[in-house]
Number of protein chains: 2
Amino acid sequence: MTVSRTLSGGLNVKPDVQQKVMDAVAELGYHRNENARSIRPGHTSGLIGVAITNIANPYYSTFALGVEEEAALAGRRILLGNTSEDSARETALVSDFLGRRVDGLIVVPAGTASRHLEHSQTQGVPVVLASRRVEGLGVDSVVLADTDGAFQGTTALLDSGHTRIGYLGNSLAIFTGERRYAGFARAHEEHGIPVDPALVATNQQTVDQARDATRALLRTENPPTAIFCANNRNAIGALKEINHQINAGSRSVDEFPELMSFDDFELAELSPVPLSVIDHDPRELGRTAARLLLDRLDADGKDAAVRELELPVSLRMSAR
Amino acid sequence: MTVSRTLSGGLNVKPDVQQKVMDAVAELGYHRNENARSIRPGHTSGLIGVAITNIANPYYSTFALGVEEEAALAGRRILLGNTSEDSARETALVSDFLGRRVDGLIVVPAGTASRHLEHSQTQGVPVVLASRRVEGLGVDSVVLADTDGAFQGTTALLDSGHTRIGYLGNSLAIFTGERRYAGFARAHEEHGIPVDPALVATNQQTVDQARDATRALLRTENPPTAIFCANNRNAIGALKEINHQINAGSRSVDEFPELMSFDDFELAELSPVPLSVIDHDPRELGRTAARLLLDRLDADGKDAAVRELELPVSLRMSAR
DNA sequence: CTGTTAGCGCGTTCAA
DNA sequence: TTGAACGCGCTAACAG
């Protein structure tokens, strides 16, 4: 008890005894057992479980940084896990997080399955969805203005005269994939220009897959004059393939399509073809998700209505 | 007890009772309290604490992915924390990790202070250092062949005729900074070419700082014909500045220095100036660090001698 | 100011 | 096959 009291401020412990305790603590390298502390009635772990689909994607690691910063400000740590875009792994991860009694969960959901995120399954542990929503799950969420951003970007391309625009994105079954494609399609509708299905590729998860899809697009007999890339993996893949072909020297630079990327990324400015960006800040997305969660963890935020935020994006047109 | 037995395999529990338990578990969303489990005698948390200097740097997030993959294979999770290159935060982070009774620690040390990593302070929890070593700390470590890689890269530049080579890196007080500079300097020595101190900048932690340093280098009256960049942050900063100046159109491309980057990075191939890379795999670095730790956590690895690994790097010369 | 009691959730051990 | 007692480390509440 004396040690416990000393370590929690030293109230009602003689100063010289406190000193002895501190000396012993320093010498022995003693650390209070947080796991034992967390099982006391009315106490929690101070951990926030963060499940993202891919740590190695700079977009998501920056997102995680934002969460971590905001959590650290509130004296909490994050438990980070990778789902690899796999719903089963997400379920296992969330289950593990709950077993460790995280105070809350921040999830970039991998699929549309959501039983494991339901209130009854999480034992009331609050969940915040980020980047993607899951229908019918009454939880807080923060996503981007996907449809609007894609609409704006596509409109800009159409306005500048493009009529054949390629589309590279991830699966339409994924929340962002569906929304971004919807914006792409609506812009076409409003311009009275049909989307050519031959120019639409929607199953690239990796840079290499995006490269392959780009190669296929460029090989068609009537290739697109611009490509809309629904995320940074696809934009980078397209860029790599185009750069490769330019260096191979088969055609001149301006025979290649210009690019519109949903997501900014490092070194985008080196693109040999004009590249515009639908820009937003993954770090801010992480911070916002964390704030939603932390707020919900506060006594006063506990019973607030469900908040579904949508962060704006901004179109940054290529200088050329 | 019946629930406990059912959840740990169902030995000696009547099948129909097991079923009832499982039904109730599913309905209630019950999860065993891992924190409570971990304080039982002879049990551990299954967590590995990972302290890196910057999650948002793709290099380190890929490193973390490698650790996570390897840890997941062994049924463990990682607790990830950011030190922001700050020794005090590292100490606090490690202390927090120990309080949560991590089974082991993987640390990219921020400084040379190491009291908090000593065996006596970690209560015998094994520590593995990655990327950087700390002198006088008898713990396992895995680092890169920094000196050798820098030596090879610099030698290649000198061999191809450069006599004025700039150096951009992080502080010489940092393990990798010191070693990479040493390789740079030794290559000069062996060629009998002195290093011009005016061309050496060693305090850039961020891309923007690296840009500034590059601008200063290019502005000197006798600018370098090549720049050795000791890590990806510095290479990217140099690239951005050079690209910017090329686009500004003041000089022709081949008046700009070529680049040698210690660290590969995404889209390096888009460089307008020749860029060679001293390549290595951060994911493998992470995996190796995790394996060192997991091995040490096994009964048979417990008392093994200290292992200090050095992973090889490979020089990939610019195609041009 | 310092110590004792009790209970958090779990599973080992022992009893029924 | 099931349940009861015990102890892990910690601290609120209550003696002393």
Side-chain angles (χ1 to χ4, degrees), chain A residues 1-47 49 75-77 79 94-103 120-125 297 299, chain B residues 1-47 49 75-77 79 94-103 120-125 297 299:
Chain A
M1 271 316 302
T2 298
V3 172
S4 177
R5 285 195 178 96
T6 303
L7 259 37
S8 22
L11 196 66
N12 292 332
V13 182
K14 273 202 295 194
D16 60 318
V17 178
Q18 285 191 46
Q19 193 53 53
K20 273 193 229 166
V21 169
M22 296 312 261
D23 290 349
V25 163
E27 185 186 334
L28 301 171
Y30 169 84
H31 297 267
R32 291 192 291 203
N33 187 327
E34 291 298 329
N35 295 326
R37 299 186 84 206
S38 79
I39 68 168
R40 292 173 298 144
H43 285 83
T44 63
S45 66
L47 292 175
R76 297 170 192 273
R77 294 253 169 261
L79 209 47
V94 166
S95 173
D96 183 284
F97 285 164
L98 291 171
R100 297 188 193 278
R101 294 302 185 268
V102 294
D103 300 344
S120 64
Q121 291 302 302
T122 65
Q123 302 267 52
V125 171
L297 293 174
Chain B
M1 269 317 303
T2 298
V3 173
S4 177
R5 285 196 178 95
T6 303
L7 261 37
S8 19
L11 196 67
N12 291 334
V13 183
K14 274 201 294 195
D16 61 318
V17 178
Q18 284 192 46
Q19 192 54 54
K20 273 193 229 168
V21 169
M22 295 312 262
D23 290 350
V25 163
E27 184 186 334
L28 300 172
Y30 169 83
H31 296 266
R32 289 191 291 202
N33 188 324
E34 292 297 329
N35 296 326
R37 298 187 85 205
S38 81
I39 68 168
R40 291 174 299 145
H43 286 81
T44 62
S45 67
L47 291 175
R76 298 169 193 272
R77 296 249 170 265
L79 208 49
V94 166
S95 172
D96 183 285
F97 285 164
L98 291 171
R100 296 188 194 279
R101 294 303 184 266
V102 294
D103 299 344
S120 63
Q121 290 304 300
T122 65
Q123 302 265 49
V125 172
L297 293 174

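Just so you know, these numbers use all the heavy atoms, side chains as well, and skip hydrogens, waters and symmetry mates. Naming convention: chains lettered A, B, ... in sequence-line order (proteins, then strands); numbering from 1 in each chain.
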Check nucleotides 6-10 of chain C against the protein and report each pair of N or O atoms closer than 3.5 Å, with its distance, or say if there are none.
from   : atom 1 : to      : atom 2 : distance (Å)
C/dG9  : N2     : B/Ala36 : O      : 3.4
C/dC10 : OP1    : B/Tyr30 : OH     : 2.7
C/dC10 : OP1    : B/Asn33 : N      : 2.8
C/dC10 : OP2    : B/Tyr30 : OH     : 3.3

Q: Enumerate the residues from residues 13-28 of chain B whose closest heavy atom to DNA chain D is under 4.0 Å, giving them by residue number; use none for an empty result.
A: B/Val13, B/Lys14, B/Val17
Q) Between D/dC8 atom P and B/Arg100 atom CZ, what is the distance in whole Å? A) 23 Å
Q: Find the bend of the helix from C/dC1-D/dG16 to C/dA16-D/dT1 as the angle between its two terminal axes (five pairs each), to the nearest 10°.
A: 50°
Pairwise N/O distances under 3.5 Å, protein to nucleotides 14-16 of chain D:
none

(Q) Just to verify, what does A/Thr44 make a side chain to side chain contact (heavy atoms under 4.5 Å, CB included) with, not counting sequence neighbours? (A) A/Asp103
Q: Could you pull out the closest heavy-atom pair between A/Arg40 and A/Arg37, with the gap in Å?
A: NE-O, 2.8 Å
Q. What's the CG-P distance between A/Asn12 and D/dA12, to the nearest Å?
A. 13 Å
Which side-chain N or O atoms in residues 3-16 of chain B pair as donor and acceptor under 3.5 Å with protein atoms at least two apart or in another chain?
from   : atom 1 : to     : atom 2 : distance (Å)
B/Thr6 : OG1    : B/Thr2 : O      : 2.7
B/Ser8 : OG     : B/Ser4 : O      : 2.5

Q: Using atom NE2 of B/His43 as one end and atom P of C/dG11 as the other, report the distance to the nearest whole Å.
A: 8 Å
Q) Roughly how far, to the nearest 0.5 Å, is the CD atom of A/Gln123 from the CZ atom of A/Arg101? A) 6.5 Å
Q) In whole angstrom, what separates A/Met1's CE from D/dC10's P? A) 11 Å
Residues 23-35 of chain A side chain polar contacts: donor-acceptor under 3.5 Å, at least two apart:
from    : atom 1 : to       : atom 2 : distance (Å)
A/Asp23 : OD1    : A/Gln19  : NE2    : 3.0
A/His31 : ND1    : B/Ser95  : OG     : 3.3
A/His31 : NE2    : B/Gln121 : O      : 3.4
A/Asn33 : OD1    : A/Asn35  : N      : 2.9
A/Asn33 : OD1    : A/Ala36  : N      : 3.1
A/Asn35 : ND2    : B/Ser38  : OG     : 3.2
A/Asn35 : ND2    : B/Arg100 : O      : 3.0

**Q.** B/Leu11 CG to C/dT12 P, straight-line distance once rounded to whole Å
**A.** 11 Å
Q: For C/dC1, take OP1 and OP2 only and decide whether either is under 4.0 Å from a side-chain N or O of A/Thr2.
A: no
